[in-house]
Amino acid sequence: MVQVVNATSVPTISLKVDGKLLYPEFDQGLQSGEFTVDKHKLSYTVSDTVTNRQISHEIVYEQNTYQSLVITGDFRPISRLKQGGKKVLEPYLEFNVLSHLLKPGEKPLRYRFLNGFSSTSLTIEEEGQEWILKPGQIVSFYDQPAVKLFKVKAAEDSIETLIRQDGNPRNCTIVFYEQKGSPTFMRIFENAPKGLK
């Protein structure tokens, strides 16, 4: 099962999967419903609906598990080194495939932070320690309570990030991105088969 999350820093994207237009207007901060992947390799084409910049990327999924594809970036042109040592100019976009399952020895609840900014580092304060995340980096915290407040700094902005769950608490990924010129975040609560949290 896979859900697709738009955490880009542009207002709206369009999304094709294996050449088929599934989402002509997919607003930032939204996520798709979960769907079954009937093959382990899919090709995605993501376009900025304002500038028409686009990039394609092939995703290889694990079979028989729950995952999120979190798309981040702002489509600004950057130079990348490709196979064979050739540099190409392409839009900045990242395709983050995140498994919902815990590895052996890891304890729920897991709260995972993903820095989706293109050029801003995040500082996360947690129990007296600071964790600095460069763009694209992830940090995970395990054995967490169902209600927890994290303090996060993005450049000059300080953002209190509250996770509050009642009933059946789940692992959660928190993604930071830019919206209308300001930092913001979204919470992605993760589903997993019973007994495989």
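Throughout, numbering of the chain's residues begins at 1 and tracks the sequence. What you are looking at is a predicted structure, and each value in this text was computed from that prediction instead of being measured.
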Inset, instruction - Given side-chain contact (heavy atoms from CB on, under 4.5 Å), test Ile59 with His57 step by step and report yes or no. - result: CA-CA 6 Å; Ile59 301 293; His57 190 73; 3.4 Å; yes
Inset, instruction - Please answer: with hydrophobic residues joined when any side-chain heavy atoms are less than 4.5 Å apart, are Phe95 and Val10 in the same cluster? - result: yes
Legend entry - Audit row: Ser32, Tyr23, side-chain contact (heavy atoms from CB on, under 4.5 Å) steps and yes/no: CA-CA 9 Å; Ser32 73; Tyr23 298 99; 3.1 Å; yes
Legend entry - Gln3 side chain to Glu34 side chain, donor-acceptor N/O pair below 3.5 angstrom: no
Legend entry - Nearest heavy atoms of Ala154 and Leu122, plus distance in Å: CB-CD2, 3.6 Å
Legend entry - Rounded distance [0.5 Å steps], CG in Asp48 versus CG in Leu93: 9.5 Å
Inset, instruction - Quick one: name the residues clustered hydrophobically with Leu98, using the 4.5 Å side-chain heavy-atom rule over I, L, V, M, F, W, Y, and just say none if it's on its own. - result: Val5, Val70, Leu114, Ile138, Val175, Tyr177, Met186, Ile188
Inset, instruction - Decide whether Ser68 and His100 meet the rule of one side-chain donor and one side-chain acceptor closer than 3.5 Å. - result: yes
Legend entry - Side-chain cluster (under 4.5 Å, hydrophobic types only) that Val60 belongs to, other residues: none
Legend entry - Within 45° cone and under 6.0 Å: Arg110 NZ/CZ vs Tyr142 ring: no
Inset, instruction - Using modelled atom types only, decide if a donor and an acceptor are shared between the side chain of Glu106 and the backbone of Lys103 within a distance under 3.5 Å. - result: yes
Legend entry - Student check: side-chain heavy atoms of Glu62 and His40 closer than 4.5 Å: no
Inset, instruction - Kindly give the heavy-atom pair with the smallest separation between Pro77 and Arg53, and that separation in Å. - result: CD-NH1, 3.6 Å
Legend entry - Gap between atom CG of Leu30 and atom CG of Asn6 - 0.5 Å precision: 7.0 Å
Inset, instruction - Answer yes or no: does atom NZ of Lys148 have more than 12 heavy-atom neighbours from other residues, nucleotides or ligands under 6.0 Å? - result: yes
Legend entry - Heavy-atom pair of closest approach, residues Thr120 and Ala155: CG2-N, 3.8 Å
Legend entry - Under the ring pair (Phe, Tyr, Trp, His ring centres under 6.0 Å) test, residues paired with Phe176 that sit two or more places apart: Phe185
Legend entry - Same apolar cluster: Leu109 and Phe113, side chain cutoff 4.5 Å: yes
Inset, instruction - Using only heavy-atom distances, determine whether the side chains of Glu178 and Ser9 contain a donor-acceptor pair under 3.5 Å. - result: no
Inset, instruction - Assess whether salt bridge (charged side-chain N to carboxylate O under 4.0 Å, His left out) is satisfied between Arg112 and Glu190, documenting all intermediate values. - result: CA-CA 11 Å; Arg112 202 163 30 188; Glu190 302 173 9; 2.8 Å; yes
Legend entry - Working for side-chain contact (heavy atoms from CB on, under 4.5 Å), residues Thr45 and Ile55: CA-CA 6 Å; Thr45 300; Ile55 191 164; over 6 Å; no
Legend entry - Exercise: identify the closest heavy-atom pair between Leu21 and Ser14: CD1-CB, 4.3 Å
Inset, instruction - Check whether Leu102 and Val139 end up in the same hydrophobic cluster, where Ile, Leu, Val, Met, Phe, Trp and Tyr are linked by side-chain heavy atoms less than 4.5 Å apart. - result: no
Inset, instruction - Please list, chain by chain and in numerical order, all residues satisfying side chain to side chain contact (heavy atoms under 4.5 Å, CB included) with Glu25, sequence neighbours excluded. - result: Thr12
Legend entry - Partner set under side chain to side chain contact (heavy atoms under 4.5 Å, CB included) for Ile163, not counting sequence neighbours: Tyr111, Phe150, Gln165, Ile174, Phe189
Legend entry - Exam field: side chain Asn115 to backbone Gly136, donor-acceptor pair closer than 3.5 Å: no
Inset, instruction - Answer whether the closest heavy-atom distance between the side chains of Ile78 and Leu89 falls below 4.5 Å. - result: no
Legend entry - From Thr51 atom OG1 to Gln54 atom CD, the distance as rounded to the nearest 0.5 Å: 10.0 Å
Legend entry - Arg80 bridged to Glu94 by N-O distance under 4.0 Å: yes
Inset, instruction - Determine the interplanar angle of the Tyr44 and Tyr61 rings, folded into 0 to 90°, and report it as parallel if under 30°, tilted if 30 to 60°, perpendicular if over 60°. - result: perpendicular
Inset, instruction - Check whether any side-chain N or O of Gln28 sits under 3.5 Å from a backbone N or O of Gln179 as a donor-acceptor pair, and report yes or no. - result: no
Inset, instruction - Would you kindly confirm whether Val97 and Leu15 end up in one hydrophobic cluster when ILVMFWY residues are joined by side chain heavy atoms under 4.5 Å apart? - result: yes
Inset, instruction - Rounded to the nearest 0.5 Å, what's the gap from CG on Leu69 to CG on Asn96? Could you check? - result: 8.0 Å
Inset, instruction - Mind running side-chain contact (heavy atoms from CB on, under 4.5 Å) on Thr161 and Leu149 for me, showing each step along the way? - result: CA-CA 6 Å; Thr161 307; Leu149 179 68; 5.8 Å; no
Legend entry - Closest contact, heavy atoms only, Ser121 versus Ile132: CB-CG2, 4.4 Å
Inset, instruction - Answer yes or no: is there an ion pair linking Lys153 with Glu125, defined by an N-O contact shorter than 4.0 Å? - result: yes
Legend entry - Modelled atom types, side-chain donor and acceptor of Arg170 and Asn191, under 3.5 Å: yes
Inset, instruction - Could you state whether Ile71 and Leu22 fall into the same hydrophobic cluster, counting links through intermediate Ile, Leu, Val, Met, Phe, Trp or Tyr residues with side-chain heavy atoms under 4.5 angstrom apart? - result: yes
Inset, instruction - List for me each residue that meets side chain to side chain contact (heavy atoms under 4.5 Å, CB included) alongside Ser43, sequence neighbours excluded, and say none if there are none. - result: Asp18
Inset, instruction - Could you grab the distance from atom OG1 of Thr123 to atom CD1 of Ile159, nearest 0.5 Å is fine? - result: 11.0 Å
Legend entry - Closest approach of Arg187 to Leu162 (non-hydrogen atoms, all atoms of both residues): NE-O, 2.8 Å
